[in-house]
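So the structure is just underneath, and the comments pick up after that.
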Amino acid sequence: MDFKLSDEQRMLEETVGRLVRDGYPFDVREKARTSELGYSTEMWQQFAELGLLGVPFSEDFGGFNGGGPELMVVAEGFGRGLVLEPYLATVILSGTLIDFLGSDSQKETLISAIVGGEVRLALAAYEPEGRYDHTHVATTAEKSGDGYVINGSKAVVLHGDSADKLVVIARTAGSTNDRNGLSAFVVDASADGVSRRGYETIDGLHAAEISLNNAPAELLGEEGNAIDALEKSLALGIVALCAEASGAMEVACDHTLNYIKERQQFGVPIGKFQALQHRMVEMRMELEKARSMTILAACSLELSAPVRAKRLAAAKAIIGKSGRKVAEEAIQLHGGMGMMEETAVSHYAKRIVMIDHQLGDLGYHMQQLESLLDLDEDAA
Amino acid sequence: MDFKLSDEQRMLEETVGRLVRDGYPFDVREKARTSELGYSTEMWQQFAELGLLGVPFSEDFGGFNGGGPELMVVAEGFGRGLVLEPYLATVILSGTLIDFLGSDSQKETLISAIVGGEVRLALAAYEPEGRYDHTHVATTAEKSGDGYVINGSKAVVLHGDSADKLVVIARTAGSTNDRNGLSAFVVDASADGVSRRGYETIDGLHAAEISLNNAPAELLGEEGNAIDALEKSLALGIVALCAEASGAMEVACDHTLNYIKERQQFGVPIGKFQALQHRMVEMRMELEKARSMTILAACSLELSAPVRAKRLAAAKAIIGKSGRKVAEEAIQLHGGMGMMEETAVSHYAKRIVMIDHQLGDLGYHMQQLESLLDLDEDAA
Amino acid sequence: MDINYTPEELAFRDEVRAFLDEKLPKEIASKVKKNQHLGKEDTIRWQKILNEKGWMALHWPKEHGGTGWSPIQKHIFEEECAEYGAPTVLPFGVNMVAPVIIKFGTEEQKKTYLPSILNSDVWWCQGYSEPGAGSDLAGLKTKAVREGDHYVVNGQKTWTTLGQHADWIFCLVRTDPNAKKQEGISFLLIDMQTPGITVRPLITLDGEHEVNEVFFDDVKVPVENLVGEENKGWTCAKYLLTFERTGIAGVGQSKAALKHLKEVAGKVQQNGKPLIEDPLFRNRLADVEMELMALEMTNLRTVAAAQAGGVPGAESSFLKIMGTELRQEITDLFRRAAGPYAQPFLPETFEADYDGEMVGPDFANSVSTKYFNMRKLSIFGGSNEIQKNIIAKMILGL
Amino acid sequence: MDINYTPEELAFRDEVRAFLDEKLPKEIASKVKKNQHLGKEDTIRWQKILNEKGWMALHWPKEHGGTGWSPIQKHIFEEECAEYGAPTVLPFGVNMVAPVIIKFGTEEQKKTYLPSILNSDVWWCQGYSEPGAGSDLAGLKTKAVREGDHYVVNGQKTWTTLGQHADWIFCLVRTDPNAKKQEGISFLLIDMQTPGITVRPLITLDGEHEVNEVFFDDVKVPVENLVGEENKGWTCAKYLLTFERTGIAGVGQSKAALKHLKEVAGKVQQNGKPLIEDPLFRNRLADVEMELMALEMTNLRTVAAAQAGGVPGAESSFLKIMGTELRQEITDLFRRAAGPYAQPFLPETFEADYDGEMVGPDFANSVSTKYFNMRKLSIFGGSNEIQKNIIAKMILGL
């Protein structure tokens, strides 16, 4: 048992840390956020140059061959800077799914392009009526000529508005909630039959509602067998979200601590008031829990499916629960300043709370955990 | 709308208040608690002399004709003194059920004896497998000669160990969880066929497990139709428990407030520490909620069954939730002293928590409330 | 003891309901219920309707045009208004500065200011908080120096709600820099058109422009705009802050929100069933429902005590804390009900004239802005921490 | 980064398990699991078994007979002991006074006291808290006046756990009444048989006799019983209080309790179904489970940091707070599982030789005593409020 980062992991951490520190001050981030695209393509190119876009991929494609801990290190750093670029959408959710399912030539083409920063992707998995259930897929794909055509609607597709290509989950067999019969496809975002309604999200990211109307699509891997790979990619996504939340919670705690040390009322810093001290301690305790569960999640990806599922559900649930407390207390202890758009902490709070709405919220993951309550890890 | 007590109610409040203040100091109560009977028969006679045993009964039997608010006033005062005597068991649970169901002659005999302090009763309703469900009745009654014989087991019968007579709920028709087919009987506690295992409860009261083996019984009212009356009596019991809890919570708050004003650490009273001040404020807020819901419950007994049920469920649930907080915080803020049997507040804490285990706990009553969530009070 | 309304009180409630049925513009109520933007003109339109009926000034004495209502009547009125989706009456004029003028002002001031407040012809805002003086209000630094027949005001106020629309501002200013903290403060009325005043918008985390900073740079204010005595403004400030606020618990708002939440949760599907049938969601709804019942009864107890002639004091701090926490909790449940659709942020959909397509279920468009916006409830109007300090001191004697 | 045990660590765990399988008396483990009373003789019996194996002193250096284990090994050992239902080793001798003697004591003292502690021949208790000095430990008043070759001790200690069985007590006493608070305190070892010592039982709210008051009336203590320097006892006190406590999180205890709770909830019937299928009860179980996972990982991070040579400091305060709150929460769920049967109080059923009938389900007999007894966890050993103060000061710099 050893919680220390390896030398390579530490280097990765330093790379991301430096990038965020130097390249991502609040005003620069705000400029990118309020741009039409909602993030910076220059920054994306920097990610590529630093090798960050290759973290989870094989060295064959110029990648880093990283697993859970490596993605954790990257996402935690991104969380500290509230990074806006579509790393989760492109690299983690779409990229790894292509990596798990794609043919050698698909990988050769697409993964290399991802690693090189030449293409941005989005995973179109969830649907308007399906909430957080990734098996709720009513969208269908049918063979047509060499390829397929897809029909259906996809909901709140993270960075779906600016993606060059979409990885779409569609049904080639079975009915709406079946685990079997799901397939993954690559769809060109500019193709006929793809219509997108893009919008900003409350936490400053972008997403899109996507309608597919006989949209031409290229199958990834085998037909009907995408579920295991999809769940592996979503698991990576959950690790990344937990880590991002931990990073953001850390900064929210730091900002709040600094604020109560500096803000004077009644002639003393408000951090001298014991009631606020104890609440600050409780915030930090929530942060420690979030960090612990992020590590647990990051180190559980290679375990058996039920053990992995149980730990990830618990991790994401803790993030939802602890994140809410940290976000709300960060605002409250900042007083009126915490309500202001010009105060960085309000953006941290928004991102932390919205992470609970991505890839399953507290309620969803507690239900998963409840269904696995009797699982004995030692036996599994 | 008027929350003031009427003159009669205020007199009742004063009577109970004086009795508890003068006759129920902590050491006297401890002496009664540790006696074999677990309470004082002299005190019971005083109740009779002051007319307290007649509060809910008609003036014909020497009663006071009181309703919810009157019982609230009495029980709140009893809660302040942690009164040990079997008022709930005898007067409220058993007495009112006899009043609702009994024939004129049964009432003449039994109610008069209750009011005069000549007889103590216990309601044997719940069963070992039934938890808080009063419709779970496997105990059966069969006709035998002029009367009936009863077979079955009754669980945690409050003050069942010292009761002269038992009011037993038994089934004359239907199966275990049916609402119909329940009847109420009077059983002489010393009769053949009645065996009792008495014990103390953690909060210093007494109860008993009761086995009925062809125990001779006298029917109250009609056969098979006891459910409505039983639920009315249980509703009165819930009002009394809410009020008792409010009274006990009030004293727990007062003791805690006094303690933190007096207890010196680091050269100042610990009540000067803001973190403790805010927690004390939160305790008081819970007390206010408990009081409010007690009033609501006490004033809702005459309403339609579903409205009454909804309000009582909410009241008892709030008592369970707020009571736990007040009890735990009272101990915590007392520090080591709160853990001591010789400190009165520990007894208040125990009673408050155990009230949650009588006539349905937080979980039980929230389920009732959930089942009535869609009820529109204005329409009902 | 009777917690039910008397026949007279029920008759009054019917009268209020009839009025709201008839006079509350449907399009305004619809905006309120859909969490759409209310314009200044909507608020003024409604307030003028109220004034026509003589129901604008709940808390004024009858002689000045107030309703003369009892606490229970005020409570009934506010409950029903919330239930019907009437816009909140802006408190700054009618419920804040006006009572101060009535209590401490000259006859001349009463004549000058009260009628236009009653008829909503003048929009007031509040100049209390400063960047360095939030919870510690008496730490304010904005100063007013007497020069002949006017004061010269310099300094800055902040968190000035809806100051962007305001014609007048009432301000606490320091007139004696040498006096101890709470002494040396005066209460001034200032025309926002006076040269030297700048209003800078503050955008809140939900993207809204509700609050402002107001800067004073050599602003000349006639001495007759002083309310009460010079250097005794703290008396006015305290009077205003502790002024009876029957609506502080927000019971009506929470009831309306909970009702809406139940409707929504009955429609949203999860695993093929309405969300309201999800045991945990239902449990949290039940928890809110019972807490709301407790809040309502606690509020009624306070109202009834006021009716009986008691002066509501620090008890209103309990109501502030319980009420705001509950309203915030309901916004949390709304965002959970929206699921992934809590994320989209489309401010254009908050406008009543928006006729484009929505994203996700209709109710979802405002859940997150509302959730974040409502964080203010526990901060502004005396933060909940300050309320606890007040209770600790005034009620518990700590 | 690897959160799994290494092969060596797994082999060590197997060794521990084999030892527990073979040597832990079944009847003792059964008492622990059933929450029955453990007698002094049970504890001593187990501790002597541990000592035979050389596993009694986890935290001592090898040269004095300690295990010399790494933090991870200690953690594994404590986890397994909890899982198997081994009695808690009494900390007062081996984990409290002994490290102080090893660090500050003379060679003579080491020779005199350590062997009998290792072999559990002498039962120690703690004389720290006083009626007026709980959280404010340095406020203690018990004084020791040097007279020739002994000190004369007068005063009172309280919350002395299991002092009724103790042969010796280690005490903080004031030797210089004129010095500032934390100066002028000394660390004394006192034979409980010395004339002038009276032990008075304190009965806790669950009816148990665990703690005591100890009165000192002109008690003569030889000067060679002073550990460290006179008036420098605060150094010993602090060392003892911050001494590495790998077990402070109570993860093993919580795991064993949660496992038991799940079994129980699988058996108890409610509405014809096992309680564990009740959505709300199951939700609370899941909540405890995930909090326990978070606690365990946080604990492991601290253990690993210690393994890597870090000195665990105020982090253990986090573990104390999180761990005790969780253990208390589990006792709350146990009483809910028992339903109405949480009420009966039958102390005779806590004895292992009780062979009468139980009231209600077997597990129910101790749920309420345990629930109330466990309130002590957040009070004793430095109340959770004090832990928060420590974190605020040491980690947050407030």
Side-chain angles (χ1 to χ4, degrees), chain B residues 1-6 9 67-70 72-73 253 257 260-261 269 271-274 276-286 288-300 303 310-311 313-318 321-322 363 365-374 376-377, chain C residues 1-6 8-10 70-72 75-76 258-259 262 265-266 276-277 279 281-305 307-308 314-315 317-319 321-322 325 384-385 387-393 395-398:
Chain B
M1 194 183 64
D2 184 5
F3 286 78
K4 284 194 303 296
L5 296 177
S6 68
Q9 290 163 346
E70 287 74 21
M72 174 181 82
V73 159
C253 285
L257 180 59
I260 68 171
K261 281 181 180 175
K272 286 288 167 208
F273 294 113
Q274 198 197 29
L276 301 195
Q277 290 183 349
H278 283 199
R279 286 166 65 176
M280 189 73 231
V281 168
E282 282 153 20
M283 282 176 73
R284 281 295 294 266
M285 209 143 55
E286 298 303 326
E288 293 305 327
K289 285 190 220 169
R291 281 176 170 159
S292 293
M293 293 305 278
T294 299
I295 295 171
L296 181 68
C299 294
S300 300
L303 304 176
K310 182 172 184 179
R311 291 185 175 183
K316 189 68 167 56
I318 286 274
K321 185 179 168 188
S322 299
H365 284 291
M366 284 205 73
Q367 275 175 359
Q368 305 305 306
L369 183 59
E370 283 168 37
S371 71
L372 293 161
L373 207 56
D374 308 317
D376 181 350
E377 284 208 9
Chain C
M1 167 167 274
D2 185 359
I3 62 169
N4 300 303
Y5 288 131
T6 61
E8 294 73 32
E9 288 159 354
L10 287 173
S70 72
I72 292 180
H75 170 77
I76 290 171
L258 180 58
K259 195 175 164 191
K262 284 184 192 172
I276 201 168
E277 291 176 21
F281 198 86
R282 196 169 179 86
N283 182 254
R284 284 191 63 189
L285 280 177
D287 191 63
V288 166
E289 176 122 355
M290 75 194 199
E291 291 288 344
L292 182 51
M293 287 163 87
L295 174 65
E296 182 177 16
M297 283 302 290
T298 308
N299 191 40
L300 288 175
R301 285 167 59 206
T302 313
V303 170
Q307 181 88 351
E315 285 75 18
S317 293
F318 278 125
L319 296 174
I321 299 169
M322 290 161 67
E325 288 181 352
N384 285 11
E385 290 77 26
Q387 305 299 335
K388 286 182 187 171
N389 289 348
I390 292 171
I391 296 168
K393 190 172 169 193
I395 299 186
L396 304 181
L398 288 169

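Order of the sequence lines fixes the chain letters, A, B, ..., with proteins taken first and strands second; residue numbering starts at 1 for each chain. Quick note: numbers below take in every heavy atom, side chains included, and nothing from hydrogens, waters or symmetry partners.
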Criterion side chain to side chain contact (heavy atoms under 4.5 Å, CB included) on B/K289 and C/M322, from CA distance to verdict: CA-CA 10 Å; B/K289 285 190 220 169; C/M322 290 161 67; 3.6 Å; yes

Can you list everything that forms a side chain to side chain donor-acceptor pair (under 3.5 Å) with C/E296? Sequence neighbours excluded, please. C/K255

Sort C/L398 into side chain, backbone, both or neither according to what part of it lies under 4.5 angstrom from a heavy atom of chain B. both

Relative to chain C, which of B/R311, B/M293, B/Q367 shows the most heavy atom pairs under 4.5 Å? B/M293

If you count heavy-atom pairs within less than 4.5 Å of chain B, which of C/K259, C/K393, C/Q307, C/K262 leads? C/K262

Between CZ of C/R282 and CG of B/L373, what distance do you get to the nearest 0.5 Å? 5.0 Å

Shortest non-hydrogen contact from C/T298 to B/S292? OG1-OG, 2.6 Å

Using every non-hydrogen atom in the two residues, find where C/T6 and B/M1 come nearest and quote the distance to one decimal. CG2-N, 3.5 Å

Donor-acceptor pair, distance only, cut-off 3.5 Å: does the side chain of B/E288 make one with the backbone of C/F318? no

Provide the closest heavy-atom pair for C/G397 versus B/K261 in the form atom of the first, atom of the second, distance. O-CE, 3.5 Å

Identify which of B/L5, B/L369, B/I260 forms the greatest number of heavy-atom pairs closer than 4.5 Å to chain C. B/L369

When rounded to the nearest 0.5 Å, the distance separating OG of B/S300 from CD1 of C/I3 is 4.5 Å

Side chain to side chain contact (heavy atoms under 4.5 Å, CB included) between B/R291 and C/R301, worked out: CA-CA 10 Å; B/R291 281 176 170 159; C/R301 285 167 59 206; 3.7 Å; yes

So which part of B/Q9 gets closer than 4.5 Å to some heavy atom of chain C, the side chain, the backbone, both or neither? side chain

With a 4.5 angstrom heavy-atom cut-off, is it the side chain or the backbone of B/M72 that approaches chain C, or both, or neither? side chain

Intermediate values then yes/no, side chain to side chain contact (heavy atoms under 4.5 Å, CB included), B/I295 and C/L300: CA-CA 11 Å; B/I295 295 171; C/L300 288 175; over 6 Å; no

Flag side-chain contact, heavy atom, 4.5 Å: C/E385 against B/H278: yes

When rounded to the nearest 0.5 angstrom, what is the spacing between NZ in B/K316 and CE in C/M290? 11.5 Å

Tightest non-hydrogen contact, residues C/E291 and B/K321, listed as OE2-NZ, 2.6 Å

Side-chain donor-acceptor pair under 3.5 Å between B/E370 and C/N283, yes or no? yes

Below 4.5 Å from any heavy atom of chain C, which atoms of B/Q274 appear? Answer side chain, backbone, both or neither. side chain

Heavy-atom distances under 4.5 Å only: say whether C/L295 touches chain B with side chain, backbone, both or neither. neither

Could you tell me the separation between the CD atom of C/E9 and the CG atom of B/D2, rounded to the nearest 0.5 Å? 9.0 Å

So which heavy atom on B/I318 is nearest to which on C/A294, and how close? CD1-CB, 4.2 Å

Which atoms of B/L276 approach chain C - backbone, side chain, both or neither, heavy atom under 4.5 Å: neither

CD1 (C/I395) and CZ (B/R284) are apart, to the nearest 0.5 Å, by 6.5 Å

So what's closer than 4.5 Å to chain B heavy atoms on C/E8: side chain, backbone, both or neither? neither

